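A short write-up of the structure that comes next.
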Amino acid sequence: MEQHERFDRIYAETRDDLLRYLMLRTNADPEAEDLFQEVYRRFYTRLTRGALPILDPRRYLFSVAKKVLAGYYRSAAKRKRVEQPMPEDFDVTADDTPIDERLLKEERADEIWRLLEHEPELNRRAFVLYYGYDRSQKQIADALGIGEEAVRQRLYRTRERIRAMLERREQERRQA
């Protein structure tokens, strides 16, 4: 019997018991699954390397599982020191926007930044400070050495040109 077929047969016969054993010893699904994969990786390597034959695969798998668990618990203290808790104000679910909408927004943002390259330097800087760095029009005026009204006009005109170019490109896409 080929080694791959033998591995598949042994895996099918032992996977449930071995996974249950690892889950009971770790009390954590992700860690148990990682250890589970490591046990079968080692088993497969030994099986296909052609060294001494494995006479009792089940016993061999559980002895490897014990060694892997021992390593897991030895490194537990080290992992605890290295792992840092997430900041309290970190919200993983803050952006509930579906992935396709987020990708479209990112694509649109990239397109806007490319269009900005064609704007005069002062307009581009005002736009980046306002939309990229959330600076007020007064702060931008101070930074660029121009009046607030000039900043407002530059932002307005830049937005209008970009909007017009985006609409033109959208129409071209629809017609193509």
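Everything quoted here is computed from the prediction, not taken from an experiment. Heavy atoms only: backbone and side chains are in, while hydrogens, waters and symmetry mates are out.
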Item to check | Y44: ring-ring contact (aromatic ring centres under 6.0 Å, His included) partners, not counting sequence neighbours | outcome: H4, F7

Checklist outcome for this item: For R15 and F36, the nearest pair of non-hydrogen atoms, with its separation, is O-CE1, 3.5 Å

Item to check | From CG (L47) to OH (Y11), nearest 0.5 Å | outcome: 15.0 Å

Item to check | Gap separating the NZ atom of K138 from the CZ atom of R152, nearest 0.5 angstrom | outcome: 11.5 Å

Next on the checklist: When you compare the side chain of R41 with that of Q37, does any pair of heavy atoms fall below 4.5 Å?
Outcome noted: no

Next on the checklist: Testing the basics here: between R46 and Y60, what is the closest heavy-atom pair and its distance to 0.1 Å?
Outcome noted: NH1-CE1, 3.2 Å

Item to check | Distance (rounded to the nearest 0.5 Å) between L22 CG and D34 CG | outcome: 10.5 Å

Next on the checklist: Any heavy-atom pair between the side chains of I54 and F43 that's under 4.5 Å?
Outcome noted: yes

Checklist entry - Salt-bridged, R157 to E160, with N to O below 4.0 Å? => result no

Checklist entry - Would a 4.5 Å heavy-atom cut-off, applied to side chains only, mark E111 and E107 as touching? => result no

Item to check | Closest contact, heavy atoms only, R124 versus E117 | outcome: NH1-O, 3.1 Å

Checklist outcome for this item: When rounded to the nearest 0.5 Å, the distance separating CZ of R168 from CD of Q171 is 9.0 Å

Next on the checklist: Rounded at 0.5 Å granularity, tell me how far CZ in R161 sits from CZ in R163.
Outcome noted: 12.5 Å

Checklist entry - Would the number of heavy atoms belonging to other residues, nucleotides or ligands and lying under 6.0 Å from CZ of R173 be above 12? => result yes

Checklist outcome for this item: side chain to side chain donor-acceptor pair (under 3.5 Å) test vs N123 passes for just one of R154, Q153, H118, namely R154

Next on the checklist: Quick one, M23 and L19 - any side-chain contact, counting heavy atoms below 4.5 Å?
Outcome noted: yes

Checklist entry - Transitive ILVMFWY cluster of Y130 at side-chain heavy atoms under 4.5 Å: who else is in it? => result I112, W113, L115, L116, L122, F127, V128, L129, Y131, Y133, I140, L144, I146, V151, L155, I162, M165, L166

Checklist entry - Mind checking what makes side-chain hydrogen bond (donor to acceptor under 3.5 Å, both in side chains) contact with T14, not counting sequence neighbours? => result Y40

Next on the checklist: What I'd like to find out is whether the side chain of D17 reaches to under 4.5 Å of the side chain of R58, using heavy atoms alone.
Outcome noted: yes

Item to check | Pairwise distance CG(L69) to CZ(F62) - rounded to 0.5 angstrom | outcome: 10.5 Å

Item to check | Short N-O contact, R9 and E5, less than 4.0 angstrom | outcome: no

Next on the checklist: What I'd like to find out is whether the side chain of E13 reaches to under 4.5 Å of the side chain of P57, using heavy atoms alone.
Outcome noted: no

Item to check | For Y21 against K66, the heavy-atom pair lying closest together | outcome: OH-CG, 3.3 Å

